Number of protein chains: 2
Amino acid sequence: MAEEQTRENTDRRDRRQNPVPVQRHCPVEATADLIGGKYKSLILYKLTGETLRFSQLRKAVPCATPKVLTRQLRDLERDGLVRREVFPVVPPKVEYSLTDFGRSIRPVLEAMSAWGRGYLQERRRKEKNAEDETA
Amino acid sequence: MAEEQTRENTDRRDRRQNPVPVQRHCPVEATADLIGGKYKSLILYKLTGETLRFSQLRKAVPCATPKVLTRQLRDLERDGLVRREVFPVVPPKVEYSLTDFGRSIRPVLEAMSAWGRGYLQERRRKEKNAEDETA
DNA sequence: CCGTATCCGCCCGGATACTG
DNA sequence: CAGTATCCGGGCGGATACGG
C-alpha cells in the first residue's frame with residue numbers, strides 16, 4: 001500500500017482539475033518541479049559525493065530550520081532523489097544520501113553552481129559601480 | 001533613482017534580519033533564487049534562440065495566467081536575464097528576448113531539459129509497472 | 001494586444017517549543 | 001540526535017474582470 005501512496009503523490013503539487021492537459025510536463029518544468037524548492041538544489045549539491053547526517057545537513061544548510069529541512073528532505077525522498085537511512089542506535093542516527101537517480105542530476109547542479117558564480121560576480125560588480133557613482 | 005531601486009531590490013526575496021550572514025549566497029542557491037519561480041526556467045527556455053511577443057509567450061506557457069506570466073517576466077527583467085522592448089505602435093507590441101546574461105544560463109536549462117526527459121521516462125516506467133502489478 | 005486590478009486560497013517557509 | 005507540534009505571516013500563483 002505504500003507503493004500506491006507513492007504513485008498517488010508522484011505529482012506532488014496537487015494541481016486539481018488542471019485546465020491544460022496538453023503537455024502538462026515538459027522536461028524543464030518537470031525538473032523545476034522537483035528541485036524548485038528553496039533549498040532542494042542546495043541539499044542535493046551538498047549531498048553530492050558524501051552521505052550526511054541530519055545535523056550535518058543543518059550545518060550545511062544553516063538557513064533552513066529543522067522543519068523546513070525535514071520537509072524538503074521528505075520531498076526529495078518521495079521523489080526518489082534522496083535515500084534516508086535510519087540506524088536504530090542511541091543516540092539516534094539518520095543518514096541521507098543520494099540515490100542513483102539523485103546522483104544523475106549532478107550535471108544540473110554543476111551547471112547551476114557554475115552559472116551562479118558568474119551571476120554573483122556580475123552582481124558584485126554592479127553593486128560596486130553603483131557605490132562608486134554614489135560616492 | 002531607478003538605479004537605486006534596482007540596487008535595493010537586488011535581493012528580491014526580502015529576508016530581513018537574516019540570522020546567518022555567513023555565505024548568504026552560495027552559487028547554487030543564487031541560481032535557484034533567480035530561476036526558481038514556477039515558470040521562469042520554462043520561459044527562459046522558450047526564449048532561447050528567439051524573441052517572443054507576450055501573446056506568443058502565453059501560448060508557449062499556457063498554464064500561466066497573464067498576471068503570473070507578467071510577474072515572472074518582470075522578475076526576470078529586473079534580474080537582468082530578459083529584455084523587454086515596447087514598440088509604440090497600434091496595436092501595442094512588446095517583445096521579450098534574452099539578454100547576453102540570460103543567454104549565458106542556457107547550459108543550466110539544457111541540463112534541466114536533458115535530465116527532465118530521463119525523469120519523465122523513469123516516471124512513466126514506474127507507473128506502467130504499478131499498473132501491471134495491479135492488473 | 002498587452003497587460004493591470006482585485007480577490008483569494010494555499011502552501012511554503014519562519015519561530016519557538018517540545019518529545020522519543 | 002533527529003526530528004514533531006503549533007502557530008503564524010507572506011508571497012506566489014490562480015480566477016475573473018477590466019483598462020490603455
Side-chain angles (χ1 to χ4, degrees), chain A residues 9 11-20 24 29 32-43 51-79 82-97, chain B residues 9 11-20 24 29 32-43 51-79 82-97:
Chain A
N9 296 14
D11 194 346
R12 248 177 39 270
R13 296 167 194 272
D14 162 34
R15 1 185 157 200
R16 43 215 139 193
Q17 90 242 31
N18 190 322
V20 184
R24 268 185 57 223
E29 200 179 0
D33 270 358
L34 286 199
I35 65 172
K38 192 166 183 181
Y39 304 111
K40 283 180 186 173
S41 49
L42 190 54
I43 290 169
T51 295
L52 292 178
R53 304 179 56 168
F54 189 76
S55 52
Q56 296 177 302
L57 273 170
R58 291 200 59 177
K59 288 167 200 159
V61 192
C63 289
T65 59
K67 192 194 78 169
V68 172
L69 189 55
T70 300
R71 157 93 73 136
Q72 310 266 322
L73 285 167
R74 291 290 191 279
D75 285 351
L76 292 169
E77 186 190 2
R78 183 191 304 279
D79 293 335
V82 161
R83 172 166 22 252
R84 176 170 177 266
E85 213 166 346
V86 183
F87 296 86
V89 298
V90 287
K93 178 179 169 182
V94 179
E95 283 187 352
Y96 293 91
S97 57
Chain B
N9 294 14
D11 195 347
R12 248 177 36 271
R13 295 166 195 271
D14 161 34
R15 359 186 160 200
R16 46 215 137 194
Q17 91 246 28
N18 190 323
V20 185
R24 271 186 56 222
E29 200 179 1
D33 270 357
L34 286 199
I35 65 172
K38 193 166 183 182
Y39 305 111
K40 284 180 186 172
S41 50
L42 190 53
I43 290 169
T51 295
L52 291 178
R53 303 179 55 168
F54 189 76
S55 53
Q56 295 177 304
L57 273 171
R58 289 199 62 176
K59 288 167 198 159
V61 193
C63 290
T65 59
K67 192 196 78 170
V68 173
L69 188 55
T70 299
R71 158 90 75 136
Q72 310 265 323
L73 284 167
R74 290 291 191 277
D75 285 350
L76 293 170
E77 187 189 1
R78 180 192 304 281
D79 293 335
V82 162
R83 173 168 18 255
R84 177 172 175 263
E85 212 166 347
V86 183
F87 296 86
V89 297
V90 288
K93 177 177 169 184
V94 178
E95 284 188 351
Y96 293 91
S97 58

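Naming: A, B, ... by sequence-line order, numbering from 1 per chain. Worth saying up front: this structure is predicted, and the values here are computed from it rather than measured. Only heavy atoms go into these numbers, but all of them, side chains included; no hydrogens, no water, no symmetry mates.
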Shortest non-hydrogen contact between [X] and [Y], atoms and distance:
| X | Y | answer |
| --- | --- | --- |
| B:Gln72 | B:Tyr39 | OE1-N, 3.5 Å |
| A:Leu34 | A:Lys40 | O-CD, 3.2 Å |
| A:Lys93 | A:Glu95 | CE-OE2, 3.4 Å |

Please state how far atom [atom1] in [X] lies from atom [atom2] in [N], giving the value in whole angstrom units.
| X | N | atom1 | atom2 | value |
| --- | --- | --- | --- | --- |
| A:Phe54 | D:dC1 | CZ | P | 12 Å |
| B:Arg71 | C:dC7 | CZ | P | 16 Å |
| A:Lys38 | C:dC11 | NZ | P | 18 Å |
| B:Arg74 | D:dC12 | CZ | C1' | 17 Å |
| A:Leu52 | D:dC1 | CG | C1' | 15 Å |
| B:Leu69 | D:dG14 | CG | C1' | 13 Å |
| B:Tyr39 | D:dC12 | OH | P | 14 Å |
| B:Leu73 | D:dG13 | CG | C1' | 14 Å |

Checklist line | Of A:Arg53 and B:Ala64, the one whose closest DNA chain D nucleotide lies more 5' | finding: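 Nearer the 5' end of the strand: A:Arg53.
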Mind checking whether [X] and [Y] have side chains closer than 4.5 Å, heavy atoms only?
| X | Y | answer |
| --- | --- | --- |
| A:Asp33 | A:Asp79 | no |
| A:Val94 | A:Arg84 | yes |
| A:Tyr96 | A:Leu76 | no |

Counting the atoms with a prime plus P, OP1 and OP2 as sugar-phosphate, which does [X] contact under 4.0 Å by heavy atoms, base, sugar-phosphate, or nothing?
| X | value |
| --- | --- |
| B:Phe87 | nothing |
| A:Arg58 | nothing |
| B:Gln72 | sugar-phosphate |

Next item on the list: Answer with yes or no whether A:Lys67 presents, from its side chain, a donor or acceptor under 3.5 Å of a partner atom in the base of C:dG14.
Entry: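 Checked by distance alone, the answer is yes.
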Please report the interatomic distance [atom1]([X]) to [atom2]([Y]), rounded to the nearest 0.5 Å.
| X | Y | atom1 | atom2 | answer |
| --- | --- | --- | --- | --- |
| B:Leu57 | B:Ile43 | CG | CD1 | 6.5 Å |
| B:Glu77 | B:Glu85 | CD | CD | 11.0 Å |
| B:Arg74 | B:Leu69 | CZ | CG | 10.0 Å |

Would you list the protein and nucleotides 17-19 of chain D atom pairs, both N or O, that sit under 3.5 Å from each other?
none

Next item on the list: Any salt bridge (Lys or Arg N to Asp or Glu O under 4.0 Å) involving residues 56-65 of chain A? Give me the pairs, sequence neighbours left out, ordered by first then second residue.
Entry: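 Of all non-adjacent pairs touching residues 56-65 of chain A, none passes salt bridge (Lys or Arg N to Asp or Glu O under 4.0 Å).
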Check: Is the shortest side-chain N/O distance from B:Ser55 to OP1 or OP2 of C:dC2 below 4.0 Å?
Finding: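 Yes, because at least one side-chain N or O of B:Ser55 sits under 4.0 Å from OP1 or OP2 of C:dC2.
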Check: Taking OP1 and OP2 of C:dT4, is either one under 4.0 Å from a side-chain nitrogen or oxygen of B:Thr70?
Finding: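 Yes, B:Thr70 has a side-chain N/O under 4.0 Å of OP1/OP2 on C:dT4.
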Notebook entry, point to check: Can you tell which of D:dG13, D:dA15, C:dG3 lies closest to the side chain of B:Val68?
Noted result: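 Nearest to the side chain of B:Val68 among the choices is D:dG13.
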Note to self: Need the bend value for the helix from C:dC1-D:dG20 to C:dG20-D:dC1: angle between end axes, 5 pairs each end, nearest 10°.
What the structure shows: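 Here the local axes at opposite ends form an angle of 50°.
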